[in-house]
Amino acid sequence: MPYSIGIDTGGTFTDVVAVESETGRQWFAKVPSTPDDPSIAFMDALTRIRSEADIDASDVARLFHGTTVATNAILEHKGAVAGLLTTAGFRHVLEIGRHDAPRTESIFTWVKPARPIPPWLIGEVDERLDIHGNVVRPFDTRSCETAVKQLIDAGVESIAICFLHAYVSDAHERAASEIVKALAPDLPIALSSDVLPTYREYERSMATVIDAYLLPKVGRYTARLTDRLKREAMTCPFYIMKSNGGVASAESAAGHPAELAMSGLAAGAIGATYIGDATGYNNLITIDVGGTSADVCLVAEGQTALTVENQIGGFPLNVPMVDIQTLGAGGGSIAAVTPGGALTVGPKSAGAVPGPACYGKGGKDPTVTDANLVLGRAQDSLAGGVVTLDRDKARQAVAQHLAEPLGLSVEAAAAGVIEILDNNMAAAMRMVSIEKGYDPRDFAILAFGGAGPLHAGRLAELMGVPRIIVPPAPGVVAALGLMATDLKNEYVQACVQKPPDYDLERLNTVLSQLDRQAAAWLNKEGVPESSRDITRRADLRYARQGFELAVDVPDGTLDSESLMSVVNAFHRTHEQLYTYAAPDAPVEIVNLRVTAIGRLDKPDFQKLEPGQGVDDALIGARNVWLADSEGFTECPVYERSRLGAGDTIEGPAIVEQLDSTTLILAGHKAEVHDSGSIIITVT
């Protein structure tokens, strides 16, 4: 019986899930991550799950991976030494960037982050196209050769090529790439006409630069994994999760590593959607609280929201990705008192090493995990005993760094840490719901990650959300999500059309070209015709607006009637997001997009047997400091694995399991669904 295996690399743990295809039986495991070489933890996780489930290499039908290699390389500035070829006169396009500060930063103190490529590693080439692709200055071979030789002599490990208006015609970029290949055949190359063929010079240049910045590191990582899998006789298809919530073969994914920037986060959102569907809820606000961050995503009618206007590490990355709000609010987030006497939480994190004070690995700063331990909310070990928590060290850290400076008791200081964290996460939840035209009261919170279920009850109260869903294995939802996705690739082409004279012939020509690219990719990935979907979207805006909104485009040849249906969909979307529409205003078409989807089989949940009552799951009690309390409350503690379908628990109570702890607040009622999830009703 074939198995599917998903392995997700996190900052603290690497999670692995195995699913038996015919029965839906699942196995979970967690191993410590190895940040210096994530492939070690990957192989450790694979070995562990194969041993626990007794899986032979030949029985694995598919292997999936969510990786943070690209993410960490950007955030930690540990990518390749990359060079850039650009049109003469545009050497400083990266340095100039945009003049607006991030909304989360102070305009008075924010400092523009160092660019991935400094000006001295940018070569100028004498060439130029106009906005229609006409040649203004011919491509000068000599100036390109000179620039490439200078970059090679400077020791670059990859080269990005981004010429002005190459999104209309890639001829000059292709000519430059041939020169690079002739002078340095082994040097990885990223072309803007491949990475992001849309206008806005800074954003297109940055996406291309990030791709080149990641190419060597991600390429080496995937090659190392592929080699180790071959040595283990693992010959099954090997897929890597992309930022858009789909997967691609390891070879395809490594070719465009900028698309992996949100790999692990996207897997979590897809896994949450899959779990919500199994419980009958398709409108969700997902909250993933891990070791270093909290990640929030909205799922409407079973679909995760996508965006092409995201940032990572302070840089715009306008490739399609799941719309996730990330904040420094994880279990390892450090709490501190400012010189002015204010209590702050995050974004700085203790990480996996040295970790929170309670880990006993040398960490001295108090963290969210320490606060939860002091308040009796967290259990004394993580991941089935892989990490043991020291309550005394947690109390000492909170007392020394928070309680004493603030003049509070240790418990009151710890409760303040949790309340600040919860309100920060609630703010992120408002950003993905209320600010996008959705009422959070129409949604359920799906909480996962090691600490998500600990905080979900309070978040539901802050947001007015009536229901919480806690997955069967909250700590490995991202690993499960890897197996609940499809092959997916995005294609985009700038095609600016202004009313009233939309060029239907041009629009249909570009759509046909994108359709062919999508079909070619599906062929390369070996997707049969019966498992293919190709969808279309377009980016539209009102004339003189500086941003676009994406709406669906119908299949087939566009005519005047179907094009107007697209324009009307734009008006409706604009009204939902901004509370108004302007039906009489001219609407411009900016970009056309095509998505190629290769459907993969999804694992089924094994139905949970009916419970015999919660008494058998009761394993003890402990004192817990609840929200808005002035002391400890004795709460019953239940073992999750002993609960059956239909079992109910009245709060306050705690449910413990291998990978997480669920806190059920007073007035909340939990019931175990036959899919294995716990559904908590907030009253």
Side-chain angles (χ1 to χ4, degrees), residues 8-10 64-75 102 116 190 192 194-198 200 203-204 206-211 213-214 218 239-248 252-273 284-288 290 293-300 303-327 428 431-432 435-436 477-478 481-482 484-492 518 521 535 537 539 547-550 591 593-597:
D8 178 63
T9 302
F64 300 86
H65 183 33
T67 175
T68 57
V69 169
T71 315
N72 293 340
I74 298 171
L75 296 178
S192 77
D194 288 337
V195 176
L196 190 68
T198 63
R200 291 194 177 96
E203 286 78 8
R204 184 163 59 91
M206 187 60 75
T208 310
V209 162
I210 288 176
D211 207 61
Y213 187 67
L214 297 174
V218 173
Y239 299 115
I240 294 181
M241 172 64 76
K242 304 200 304 181
S243 302
N244 64 4
V247 294
S252 176
H256 291 290
E259 297 177 353
L260 306 181
M262 303 281 278
S263 172
L265 301 186
I270 298 301
T273 304
L284 306 168
I285 300 175
T286 72
I287 175 75
D288 175 9
S293 66
D295 308 306
V296 183
C297 179
L298 184 131
V299 179
Q303 299 295 317
T304 53
L306 293 177
T307 182
V308 291
E309 296 180 353
N310 216 329
Q311 289 201 353
I312 181 167
F315 306 129
L317 187 54
N318 291 9
V319 298
M321 57 183 67
V322 176
D323 191 2
I324 297 173
Q325 292 294 324
T326 298
L327 60 155
M431 289 178 65
V432 303
E435 292 190 16
K436 299 295 177 67
V477 167
L482 293 168
T485 187
D486 294 310
L487 289 159
K488 190 175 182 181
N489 209 22
E490 314 272 354
Y491 298 89
V492 60
W521 182 78
T535 62
R537 288 172 72 80
D539 298 338
F547 61 90
E548 297 85 44
L549 298 177
N591 301 310
R593 301 180 182 274
V594 165
T595 301
I597 297 173

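When a residue number appears, it is its place in the shown sequence, counting from 1.
Here the closest non-hydrogen pair linking Thr304 and Ala269 is CG2-O, 4.0 Å. The minimum heavy-atom distance between Ser293 and Thr326, with the atom names listed, is CB-CG2, 3.9 Å. Here the closest heavy-atom approach between residue Ile74 and residue Tyr213 is recorded as CA-CE2, 4.4 Å. A pairwise comparison of heavy atoms in Ala253 and Ala248 identifies N-CB, 4.3 Å as the closest pair. Pairing each heavy atom of Pro116 with each of Val209, the nearest pair is CB-CG1, 3.8 Å. Closest of all the heavy-atom pairs between Val218 and Ala70 is CG2-CB, 4.2 Å.
In this structure, Met431 and Val296 have side chains that are not in contact, with every pair of non-hydrogen atoms separated by 4.5 Å or more. Within the 4.5 Å cutoff, side-chain heavy atoms of Pro257 are placed close to those of Asp211. Side-chain contact check for Leu482 versus Tyr239: every heavy-atom pair is 4.5 Å or farther apart. Within the 4.5 Å cutoff, no side-chain heavy atoms of Val69 are placed close to those of Leu260. Residues Leu265 and Met321 have side chains not in contact (no heavy-atom distance under 4.5 Å, counting atoms from C-beta outward). Looking at heavy atoms from C-beta onward, Ile324 lies in side-chain contact with Met262 at the 4.5 angstrom threshold. Considering only heavy atoms from C-beta on, Thr198 stays 4.5 Å or farther from Asn318 through its side chain. Residues Thr9 and His65 meet the side-chain proximity criterion, which asks for heavy atoms closer than 4.5 Å.
Side chain of Lys488 to backbone of Gly245: no donor-acceptor contact under 3.5 angstrom is found. Judged by distance alone, the side chain of Thr307 and the main-chain N or O of Asp323 form no donor-acceptor pair under 3.5 Å. Side-chain atoms of Asn244 come within 3.5 Å of backbone atoms of Gly246 as a donor-acceptor pair (strictly under, hydrogens ignored). Proximity of a side-chain donor or acceptor of Arg537 to a complementary backbone N or O of Arg593 within less than 3.5 Å is not detected.
Remark: Thr68 engages Asn72 in a side chain to side chain donor-acceptor pair (under 3.5 Å) (not counting sequence neighbours). Under the rule for a side chain to side chain donor-acceptor pair (under 3.5 Å), Ser263 has no partner lying at least two apart in sequence or in another chain.
In this structure, CD1 in Ile270 is found 5.0 Å from OG1 in Thr485, a value given to the nearest 0.5 Å. For the atom pair CG of Asp295 and CD1 of Ile287, the computed distance is 7.5 Å after rounding to the nearest 0.5 Å. To the nearest 0.5 Å, atoms CG (Leu317) and OG (Ser243) are separated by 7.0 Å. To the nearest 0.5 Å, the span separating CG on Asp539 from CZ on Phe547 amounts to 12.0 Å. Here the OG1-CG distance, from Thr208 to Leu196, works out to 6.5 Å after rounding to the nearest 0.5 Å. Separation of atoms CD1 (Ile597) and OG1 (Thr535) is listed at 5.0 Å; rounding is to 0.5 Å.
The closest side-chain donor-acceptor pair between Glu490 and Thr595 falls under 3.5 angstrom.
Salt bridge Arg200/Glu309: absent, no basic N to carboxylate O contact under 4.0 Å.
Each of Ile285, Leu284, Val432 was compared with Val299 under the side chain to side chain contact (heavy atoms under 4.5 Å, CB included) criterion, and only Leu284 meets it.
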Any chance you could lay out the side chain to side chain contact (heavy atoms under 4.5 Å, CB included) test for Val322 and Leu306, step after step, and finish with the verdict?
-> CA-CA 4 Å; Val322 176; Leu306 293 177; 4.0 Å; yes

Evaluate side chain to side chain contact (heavy atoms under 4.5 Å, CB included) for Lys242 paired with Asn489, printing each intermediate quantity in order.
-> CA-CA 9 Å; Lys242 304 200 304 181; Asn489 209 22; 2.5 Å; yes

